[in-house]
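Here the structure is laid out as structure tokens; the discussion comes afterwards.
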Amino acid sequence: MAKILNVVKGTKDILPQDMPMWHLLEKNALDIFSKYGYKEIRTPIFEVTELFARGVGDTTDIVNKEMYTFEKSDRSLTLRPENTAGVVRSYIENGMSRLSPPVKLWYKGPMFRYERPQAGRQRQFHQVGIEMFGIKEPTADAEAILLAVDYLKSLGLNDLEVEINSLGCPECREAYKKRIKEVLKPEFDNLCDDCKNRYEKNPLRLLDCKVESCKAIFEKPEIKAVIQSDFICEECAEHYSKLKTYLNELGVKYIENKLLVRGLDYYNRTVFEIKSNNLGSQNAVCGGGRYDSLVRNLGGDDTPAVGWAMGMERLISLIPTIEPQKIDAYIVSNSTIEAFKLAETLRNEGLTVEFDMQNKKFTKQLEKASKIAQYAFILGEDEIKNNMVSVKNLSTSVQKAIDRKNLRSEFKNV
RNA sequence: GCGCCUGUCGUCAAGUGGUUAAGACCUCGGAUUGUGGUUCCGAUAUGCAUGGGUUCGAAUCCCAUCAGGCGCCCCA
């Protein structure tokens with residue numbers, strides 16, 4: 001026997017039995033996002049590496065150590081680790097800034113990150129997400145969050161926690177970073193290695209360190225005071241407070257989490273996450289926020305934008321398993337040709353139909369029918385002669401002969 | 001990149017040093033030559049991730065390698 005080959009580490013087959021859940025996610029995405037005016041967009045799964053370096057940010061882990069990058073024809077290309085950069089690239093390249101705002105786009109598809117796999121984390125995984133361009137007002141932030149909550153509700157996920165925070169604009173954030181670094185400077189040597197690293201790279205991410213010794217440091221009064229201070233400028237504060245007003249009025253429950261810091265560099269002002277307690281340590285199903293400078297950084301006009309992405313595998317692990325549907329009919333017959341022809345006729349009429357291709361014994365055919373179909377269409381010599389079909393309801397055992405002309409309309413009455 | 005745990009049939013598993021490696025589900029065949037889902041019978045691992053070692057003897061102990069899971073980090 002030849003050697004068996006396995007899926008690549010961190011990737012998974014999505015098997016037929018999983019498909020009903022995937023179809024539900026995809027159908028609800030199309031239905032609900034459409035109601036909010038979103039149009040679907042599909043961008044390539046690989047892009048020029050520079051797009052992610054400039055878009056996602058070269059201080060992020062995603063760009064630093066998690067990208068699948070390869071060289072082809074002297075160009076460096078990368079399997080997309082997320083889709084916002086690609087959508088923004090397409091928005092700019094296709095002149096969508098000429099469209100009347102808001103420009104609302106949604107996507108779904110595979111993403112690739114080279115990380116150690118664990119519960120809720122794969123190297124190839126799928127995201128569904130939205131991006132809205134052209135609106136600086138907090139109505140955009142509020143509608144994006146409302147849409148996320150609506151979509152989750154449609155999947156039966158009603159009690160997930162929405163966390164929000166405001167990172168401020170680049171100006172107030174820089175000032176805040178500076179203050180954090182100043183107040184922590186005397187403690188620098190006592191921080192854990194990760195935090196020492198973060199101190200330079202992204203001081204904001206120091207805040208939710210889980211190491212006990214670091215937590216203790218952050219509890220010191222003079223440090224805690226800085227962490228908990230409202231650092232954002234007046235304009236940012238107003239934006240944030242309007243967002244909260246909208247959410248309150250719309251009945252969207254949320255908790256404010258001052259420590260919530262998305263790891264991507266492009267966010268400003270609003271950031272949010274939606275979390276579940278049933279996911280293990282990778283507990284975020286949705287993450288997003290506002291990214292007003294990304295379009296400009298990638299060469300477009302100054303364009304405010306908001307977006308989020310959800311991990312589809314994580315969503316699926318939260319929704320109940322959906323049993324596959326049985327087909328309408330299985331044709332039971334010892335005449336292969338007649339069965340074949342009848343199957344084709346019925347399929348053209350819109351039914352899902354199978355028949356026995358191996359000319360097995362009658363009882364075997366019926367046994368198969370009972371496993372996979374709602375009805376058995378029995379086609380024996382008598383039936384063929386009289387142009388009839390004996391329809392058997394396999395859950396009630398009721399059987400009735402029906403004229404083939406009326407089969408399509410009458411079989412479900414058996 | 002670091003830590004912990006695990007690897008017995010397609011799947012779930014019993015077995016923890018001593019003759020032929022339980023059982024269940026699935027699959028396939030038969031009992032049943034035009035009536036299934038119930039029942040009964042039968043088939044299906046010369047092998048326990050792979051390679052070494054210890055032993056009279058190893059799925060069981062040891063080492064290495066590989067694979068998987070979980071956690072840290074990070075994120076969806």
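On a predicted model such as this, the values are computed, not experimentally measured, just so you know. Throughout, protein chains are lettered first and strands after them, A, B, ... in sequence-line order, and every chain is numbered starting at 1.
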Whole-Å C1' distance, B:U32 and B:U20: 35 Å
If the plane angle is over 60° it's perpendicular, under 30° parallel, otherwise tilted; pick one for A:Tyr151 and A:Phe33. tilted
With P as the reference atom in both, quote the distance from B:A64 to B:C72 in angstrom, rounded to an integer. 26 Å
Could you tell me the Watson-Crick or G-U partner of B:A45, where both distances fall under 3.5 Å? Say none if there is no partner. none
For A:Gly129, which contact category applies under a 4.0 Å heavy-atom criterion: base, sugar-phosphate, or nothing? nothing
Euclidean distance for P, B:C4 against B:A76 (whole angstrom): 29 Å
Taking only side-chain N and O atoms of A:Lys9, does any of them lie within less than 4.0 angstrom of OP1 or OP2 on B:G68? yes
Between P on B:A76 and CD on A:Glu115, what's the gap in Å once rounded to a whole number? 10 Å
Once you apply the 3.5 Å cut-off to both distances, tell me the Watson-Crick or G-U wobble partner of B:C12, or none. B:G23
Does NZ or CZ of A:Arg123 fall inside the cone over A:Tyr114's six-membered ring, less than 6.0 Å from its centre and within 45° of the axis? yes
Are any of the side-chain nitrogens in A:Glu174 or A:Lys177 under 4.0 Å away from the carboxylate oxygens of its partner? yes
Please report, rounded to the nearest Å, how far the C1' atom of B:U27 is from the CD atom of A:Glu367. 11 Å
Using Watson-Crick geometry (N1-N3 plus N6-O4 or O6-N4) or G-U wobble (N1-O2, O6-N3), each under 3.5 Å, B:A64 is paired with B:U50
Under 4.0 Å between a side-chain N/O of A:Lys364 and OP1 or OP2 of B:U32, yes or no? no
Report the distance from atom NZ of A:Lys108 to atom C1' of B:A76, rounded to the nearest whole Å. 17 Å
Per atom distances to the A:Gln282 side chain, the nearest of B:U35, B:G34, B:C75 is B:C75
Give a yes or no on whether a donor-acceptor pair under 3.5 Å exists between the nucleobase atoms of B:C73, that is its base, and the side chain of A:Arg121. yes
Please report the distance, rounded to the nearest Å, between NZ in A:Lys392 and C1' in B:G34. 10 Å
When the distance from CD1 of A:Ile62 to P of B:C75 is rounded to whole Å, what number comes out? 6 Å
Closest to the A:Leu366 side chain: B:G36, B:C74, B:G71? B:G36
Counting Watson-Crick and G-U wobble pairs only, both distances under 3.5 Å, name the nucleotide matched with B:A31, or none. B:U39
Do A:Thr363 and B:G34 share a donor-acceptor pair, side chain to base, under 3.5 Å? no
Would you classify A:Asp382 as touching base, sugar-phosphate or nothing, given that sugar-phosphate means primed atoms plus P, OP1 and OP2, and contacts are heavy atoms under 4.0 Å? base
Determine the interatomic distance between P on B:A43 and the same-named atom on B:C70; round to the nearest Å. 39 Å
Does A:Ala369 reach a base, just sugar-phosphate, or nothing at all? Heavy atoms under 4.0 Å. nothing
Roughly how far apart are A:Arg314 CZ and A:Cys286 SG, rounded to 0.5 Å? 11.0 Å
Proximal nucleotide (of B:G3, B:C73, B:G29) relative to the A:Lys360 side chain: B:G29
Which is true for A:Ser395 with a 4.0 Å heavy-atom rule: it touches a base, it touches only sugar-phosphate, or it touches nothing? base
Write down the distance between NZ (A:Lys371) and C1' (B:U35), rounded to a whole number of angstrom. 15 Å
Length of the line joining A:Ile130:CD1 and B:A76:C1', which is rounded to integer Å: 14 Å
Is A:Ser281 close enough to B:G71 that one of its side-chain N or O atoms is under 4.0 Å from OP1 or OP2 there? yes
For the pair A:Glu182 and A:Arg179, find out whether any cationic side-chain nitrogen is under 4.0 Å from an anionic carboxylate oxygen. no
State whether A:Lys360 and A:Glu367 are salt-bridged, where the test is any N-O pair (Lys NZ or Arg NE/NH1/NH2 against Asp/Glu carboxylate O) under 4.0 Å. no
May I have the distance from A:Met310 (atom CE) to B:A76 (atom P), rounded to whole angstrom? 12 Å
What is the nucleic acid contact for A:Glu66, judged by heavy atoms within less than 4.0 Å: base, sugar-phosphate only, or nothing? sugar-phosphate
Suppose you measure atom C1' in B:A58 against the same atom in B:G51; what distance do you get, rounded to whole Å? 15 Å
Listed partners of A:Lys108 passing salt bridge (charged side-chain N to carboxylate O under 4.0 Å, His left out), at least two apart: A:Glu40
Measuring only the P atom in each nucleotide, how far is B:C26 from B:C12? A whole number of Å is fine. 15 Å
Under 4.0 Å, heavy atoms only, any strand: does A:Gly380 hit a base, just the sugar-phosphate, or nothing? base
Aromatic ring pairing A:Phe70/A:Phe46, orientation class (parallel under 30°, perpendicular over 60°, tilted between): perpendicular
Counting only side-chain N and O atoms of A:Gln118, is one of them less than 4.0 Å from OP1 or OP2 of B:G71? yes
Residue closer to the 5' end of RNA chain B, A:Gly311 versus A:Gly10 (nearest nucleotide): A:Gly10
Which is true for A:Glu383 with a 4.0 Å heavy-atom rule: it touches a base, it touches only sugar-phosphate, or it touches nothing? base
Could you check whether A:Gln399 gets within reach of a base, just the sugar-phosphate, or nothing at all, counting any heavy atom under 4.0 Å? base
Gap in Å between the two P atoms, one belonging to B:A59 and one to B:U54, rounded: 16 Å
Considering heavy-atom distances to RNA chain B, does A:Lys65 or A:Ile274 have its closest nucleotide positioned more toward the 5' end? A:Lys65
Taken to the nearest 0.5 Å, the spacing of A:Leu315 CG from A:Gln127 CD works out to 10.5 Å
Base-pairing assignment for B:C72 (Watson-Crick or G-U wobble, both under 3.5 Å): B:G1
Using a 4.0 Å heavy-atom cut-off, does A:Ile378 contact any base of the nucleic acid, only the sugar-phosphate backbone, or nothing at all? base
Check this one for me: any side-chain N or O of A:Lys361 less than 4.0 Å away from OP1 or OP2 of B:G30? yes
A:Arg116 side chain: which of B:G37, B:G1, B:U35 is closest? B:G1
Considering only atom C1', compute the distance from B:G18 to B:U27 and round it to an integer number of Å. 35 Å
